[in-house]
*Asks:* 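This is the structure, below, for whatever I ask next.
Computation of the quantities below employed the complete heavy-atom set of this structure, encompassing side-chain atoms and omitting hydrogens, waters and symmetry-equivalent molecules.
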Amino acid sequence: MTARLFEPLTLDALTLENRILIAPMCQYSARDGEATDWHMMHLGQLAMSGAGLLTLEATAVSPEARITAWDLGLYNDGCERALGRVLDAIREYAPIPVCIQIAHAGRKASSAAPWDGGQQIPPEHAYGWRTEAPSALAHGEGEVPPHALDAADLRRVRDQFVATAKRAVRLGIEAVELHGAHGYLLHQFLSPIANKRTDQYGGSLENRMRFPLEVYDAVRDVVPAGSPVWLRVSATDWVEDGWDIDETVELAKALKRAGSPALHVSTGGVSPKQAIKLGPGYQVPYAERIKAETGLTTIAVGLITEAQQAEAILQEGRADAISLARAMLYDPRWPWHAAAELGARVRAPKQYWRSQPREYKDLFKDTAFGQR
C-alpha cells in the first residue's frame, strides 16, 4: 500500500508530488524587505528536501506590514529583484513548486526580532513605526496603540495585497497563501478580541469576515486561474469569547464559495492571554472538523514531527496534507527519512544521488549512475 503521505495532491491546476508542505517560517534576515544570502542558503536547502511544496516566509505587503524591520517584503522593485535572484537559483537545481505567504502584521508589527526579545519597538525609535489595525487597541499592555484603519486605509491595504500578489505572479510563484492567522492583520479583523469596529467591518461574524474575504477576492482576481490561493487561519484564539472553531467553519465555507481549494489550519496568536494546550498534533482536531464539515482540502500543522504520526493523520482522514516548520529546520531531509521509513520514494538532486543508503536502493526517483 502506497504511503498516503507520498501520494500526489492537486490544488486547482497545481499537482504536488507528495503531501509534505514546508510551512512559512520567518527568518528576520532581510534588509529593507529584500531577501539576502541567508534566504539563498535557507530556502536552497529546503528546496532540495523532497517536500511537495516550499512556502516562503510571511512576506509583507508594505514596510509598515512587516513584523520586524528585518522581515521579507515584496512591495517594491528592489524586493522583487532580490527575491527573484533567490528563486532563480532554486529553480535551476530543484523542481519544487513555490508558494508565497502574503502578510500584513497589523498591530503586531514594529517588533524586535525574537532573539532580541520580540517586544514592540515604539514608533519614535530606530526600526520602529506606528502600526495599523482594525481598532485602536494595543496587542499587549503598555504598548503603543495602533492607528485604526479608515475606509481609505482599507482600500490601500487591499490594493497592497493585490500589488504583492502581482509581483509574485511575475516571479513565477505557483501558489499564494494569505496570512489570516497568528494574530496578524486579517486575523485581527476576524477576532472580536482585536476588532471592536462599529461599521460594516465589525460586530457580527459576517462583518468581521468581510475584509479578509474582500482581500481574498481581490488577490484571487489577479492570480492566474489554476494557481491556487488559500488562507492560513487560526481556528481558535485560545481565549474565552475570542475567535473559535465554529466561526472558522463558517469562514471556511465562505472561502470555499469564493474559490479557495484549501485551508491551512493553525491556532492562536491574537492575545497574550491565550491558554494553549500543547501536545503532539494538538491542532489537528481543528483541521479534522473543518475537513469534515466543509469538504475543503485541509493542511494540518502543529507538533507533527514523526513520519508515522503524519501518515496516521492522513490515513485516518483527519487532514489532506501535513505542514512542517520546526521539524524541517531540525532535519532538512525529513521527507527523505520519512520516505525510507514508510517504503515510499522521493525526489533528490542528482548531485546527492550517491548518498542513497544501500538498504534503500529505490528511495530516490529517476536515479542513474555511471563512472569510468
*Asks:* Does E306, at its CD atom, have more than 12 non-hydrogen atoms belonging to other residues, nucleotides or ligands within less than 6.0 Å?
*Replies:*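 Not buried by this count: 12 neighbours or fewer within 6.0 Å.
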
*Asks:* Tell me whether R156 is salt-bridged to D153, with the criterion being a basic N under 4.0 Å from an acidic carboxylate O.
*Replies:* yes

*Asks:* To the nearest 0.5 Å, what is the distance between CZ on R107 and CZ on R130?
*Replies:*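 Between R107 CZ and R130 CZ, I get 13.5 Å after rounding to 0.5 Å.
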
*Asks:* Would you check if T248 and L190 make a side-chain contact, meaning some heavy-atom pair closer than 4.5 Å?
*Replies:*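 Not touching, per the 4.5 Å side-chain cut-off.
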
*Asks:* Can you get from I102 to I67 by hopping between Ile, Leu, Val, Met, Phe, Trp and Tyr side chains that sit under 4.5 Å apart?
*Replies:*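 No.
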
*Asks:* Rounded to the nearest 0.5 Å, what separates atom CZ in R345 from atom CZ in F364?
*Replies:*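 Between atom CZ of R345 and atom CZ of F364 there are 11.0 Å.
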
*Asks:* For G203, is there any backbone N or O sitting under 3.5 Å from a side-chain donor or acceptor partner on R208?
*Replies:*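 Indeed, once roles are kept as given, a pair shorter than 3.5 Å links the two residues.
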
*Asks:* Return the orientation label for the Y201 and F211 ring planes: parallel under 30°, perpendicular over 60°, tilted otherwise.
*Replies:* perpendicular

*Asks:* Treating Y216 as the side-chain partner and S260 as the backbone partner, does any N or O pair qualify as donor plus acceptor under 3.5 Å?
*Replies:*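 Answer holds: yes.
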
*Asks:* Would W230 and I299 count as a side-chain contact (heavy atoms from CB on, under 4.5 Å) if you check the C-alpha gap in whole Å, the side-chain angles of each, and the deciding distance to 0.1 Å?
*Replies:* CA-CA 11 Å; W230 65 82; I299 304 163; 4.1 Å; yes

*Asks:* Can a donor-acceptor pair be found, under 3.5 Å and without considering hydrogens, that links the side chain of S135 to the backbone of L137?
*Replies:* no

*Asks:* Begin from the C-alpha positions of H39 and E57 and carry the test side-chain hydrogen bond (donor to acceptor under 3.5 Å, both in side chains) through to its verdict.
*Replies:* CA-CA 10 Å; H39 295 91; E57 66 193 83; 3.1 Å; yes

*Asks:* For the CG atom of D88 and the CG atom of L83, what is their distance to the nearest 0.5 Å?
*Replies:*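 Nearest 0.5 Å value for the CG-CG distance: 9.5 Å.
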
*Asks:* Between K108 and H187, is any pair of side-chain heavy atoms under 4.5 Å apart?
*Replies:*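 The answer is no; the side chains never approach within 4.5 Å.
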
*Asks:* Ring-plane angle category for W38 and H42, please: parallel below 30°, perpendicular beyond 60°, tilted otherwise.
*Replies:* parallel

*Asks:* Any chain of hydrophobic side-chain contacts (each under 4.5 Å) joining L231 to Y286?
*Replies:* yes

*Asks:* T164 side chain to L74 main-chain N or O, any donor-acceptor pair under 3.5 Å?
*Replies:* yes

*Asks:* Run the numbers on H264 and E177 for side-chain hydrogen bond (donor to acceptor under 3.5 Å, both in side chains), then give the verdict.
*Replies:* CA-CA 8 Å; H264 190 174; E177 174 175 287; 2.8 Å; yes

*Asks:* Would you say Q120's side chain and G142's backbone share a donor-acceptor pair under 3.5 angstrom?
*Replies:*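 The answer is no, because no donor-acceptor pair under 3.5 Å joins these two groups.
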
*Asks:* Would a single hydrophobic cluster contain both V61 and V229, if residues Ile, Leu, Val, Met, Phe, Trp and Tyr are joined by side-chain heavy-atom contacts under 4.5 Å?
*Replies:* yes

*Asks:* Looking at OG1 of T59 and CD1 of I100, how far apart are the two atoms once the value is rounded to the nearest 0.5 Å?
*Replies:* 4.0 Å

*Asks:* I'd like to check R232 versus H182 (side-chain heavy atoms, cut-off strictly below 4.5 Å). Are they in contact?
*Replies:* yes

*Asks:* Measuring from atom CG of D199 to atom CG of L154, what distance do you get when rounded to the nearest 0.5 angstrom?
*Replies:*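 One finds 7.5 Å between CG of D199 and CG of L154.
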
*Asks:* Verify the cluster assignment for Y93 and M40: are they in a single hydrophobic cluster under the rule of side-chain heavy atoms below 4.5 Å apart?
*Replies:* no

*Asks:* How close do D77 and R167 get, heavy atom to heavy atom, and via which atoms?
*Replies:*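 In this case the closest contact between D77 and R167 is OD1-NH1, 2.9 Å.
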
*Asks:* Donor-acceptor pairs under 3.5 Å, side chain of residues 276-284 to any protein atom, not counting sequence neighbours: which ones?
*Replies:*
residue : atom : partner : partner atom : Å
Q283    : OE1  : T267    : N            : 3.1
Q283    : OE1  : T267    : OG1          : 2.6
Q283    : NE2  : V301    : O            : 3.0

*Asks:* Are I322 and V265 connected in the hydrophobic side-chain network, where two residues link if heavy atoms are under 4.5 Å apart?
*Replies:*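 Yes.
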
*Asks:* Provide the closest heavy-atom pair for W238 versus T236 in the form atom of the first, atom of the second, distance.
*Replies:*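 Scanning both residues completely, I find the closest heavy atoms to be N-OG1, 3.1 Å.
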
*Asks:* More than 12 heavy atoms of other residues, nucleotides or ligands under 6.0 Å from CD of E240: yes or no?
*Replies:*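 No, because the 6.0 Å sphere around CD of E240 holds 12 heavy atoms or fewer from other groups.
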
*Asks:* Would you say that I90 contacts L54 through its side chain, given a criterion of any heavy-atom pair below 4.5 Å between the two side chains?
*Replies:* yes

*Asks:* Would you indicate whether the side-chain heavy atoms of E247 and M209 approach each other to under 4.5 Å?
*Replies:* no

*Asks:* State which residue, out of Q160, H179, E132, fulfils the side-chain hydrogen bond (donor to acceptor under 3.5 Å, both in side chains) condition with H104.
*Replies:* E132

*Asks:* Give me the atom names and distance for the closest heavy-atom approach of S49 to W336.
*Replies:*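 Here S49 and W336 meet closest at O-CD1, 3.0 Å.
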
*Asks:* Just by distance, do the side chain of R220 and the backbone of V223 share a donor-acceptor pair under 3.5 Å?
*Replies:*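 Checked: pair present.
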
*Asks:* Give me the atom names and distance for the closest heavy-atom approach of E64 to A109.
*Replies:*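 Closest approach of E64 to A109: O-CB, 3.5 Å.
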
*Asks:* So how far is it from L171 CG to L87 CG, rounded to the nearest 0.5 Å?
*Replies:*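 That separation rounds to 6.0 Å.
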
*Asks:* How close do A344 and L363 get, heavy atom to heavy atom, and via which atoms?
*Replies:*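 Closest heavy-atom pair between A344 and L363: O-CD1, 3.7 Å.
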
*Asks:* Give a yes or no on whether the backbone of P63 and the side-chain of R66 come within a donor-acceptor separation of less than 3.5 Å.
*Replies:* yes

*Asks:* R289 vs E293, test: salt bridge (charged side-chain N to carboxylate O under 4.0 Å, His left out). Steps then yes/no.
*Replies:* CA-CA 6 Å; R289 180 169 163 194; E293 294 194 25; 2.7 Å; yes

*Asks:* So, for A262 and L296, which heavy atoms are closest and what is the spacing to 0.1 Å?
*Replies:*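 Result for this residue pair: N-CD2, 3.7 Å.
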
*Asks:* When you compare the side chain of Q188 with that of L185, does any pair of heavy atoms fall below 4.5 Å?
*Replies:* yes

*Asks:* Would a distance-only check, ignoring hydrogens and angles, find a side-chain to backbone donor-acceptor pair under 3.5 Å from Q356 to K361?
*Replies:*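 Yes, because the side chain of Q356 sits within donor-acceptor range (under 3.5 Å) of the backbone of K361.
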
*Asks:* Less than 4.5 Å apart, any side-chain heavy atom of L205 and any of W243?
*Replies:*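 The answer is yes, as the side chains (C-beta and beyond) meet within the 4.5 Å cut-off.
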
*Asks:* One thing to verify: whether E250 and K253 come together as a salt bridge, which I'm taking to mean a side-chain N less than 4.0 angstrom from a carboxylate O.
*Replies:* yes

*Asks:* Could you check if a side-chain atom of R197 sits within less than 4.5 angstrom of a side-chain atom of L149, using non-hydrogen atoms only?
*Replies:*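 Contact flag for R197/L149 side chains = yes.
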
*Asks:* Look at the side chain of Q27 and the backbone N and O of M25, then say whether any donor-acceptor pair between them is shorter than 3.5 Å.
*Replies:* yes

*Asks:* Which ring pair (Phe, Tyr, Trp, His ring centres under 6.0 Å) pairs, counting each pair once, include a residue from residues 341-362, with sequence neighbours left out?
*Replies:*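 Checked against ring pair (Phe, Tyr, Trp, His ring centres under 6.0 Å) - neighbours excluded - no pair reaches residues 341-362.
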
*Asks:* So, D71 side chain and T68 main chain: donor-acceptor pair closer than 3.5 Å or not?
*Replies:* yes

*Asks:* Within a reach of under 6.0 Å around CZ of R326, are more than 12 heavy atoms found that belong to other residues, nucleotides or ligands?
*Replies:* no

*Asks:* Is any side-chain N of the basic residue among D37 and R85 closer than 4.0 Å to the acidic one's carboxylate O?
*Replies:* yes

*Asks:* Please tabulate, for side-chain N and O atoms in residues 5-20, each donor-acceptor pair with protein atoms closer than 3.5 Å (sequence neighbours left out).
*Replies:*
residue : atom : partner : partner atom : Å
E7      : OE1  : R4      : NH1          : 2.5
T10     : OG1  : T15     : OG1          : 2.9
E17     : OE1  : R347    : NE           : 3.3
E17     : OE2  : R347    : NE           : 2.9
E17     : OE2  : R347    : NH2          : 2.6
N18     : OD1  : I20     : N            : 3.1
N18     : OD1  : G52     : N            : 2.8
N18     : ND2  : G50     : O            : 2.8
R19     : NE   : E7      : O            : 3.4
R19     : NE   : P8      : O            : 3.4
R19     : NH1  : D320    : O            : 2.9
R19     : NH2  : P8      : O            : 3.0

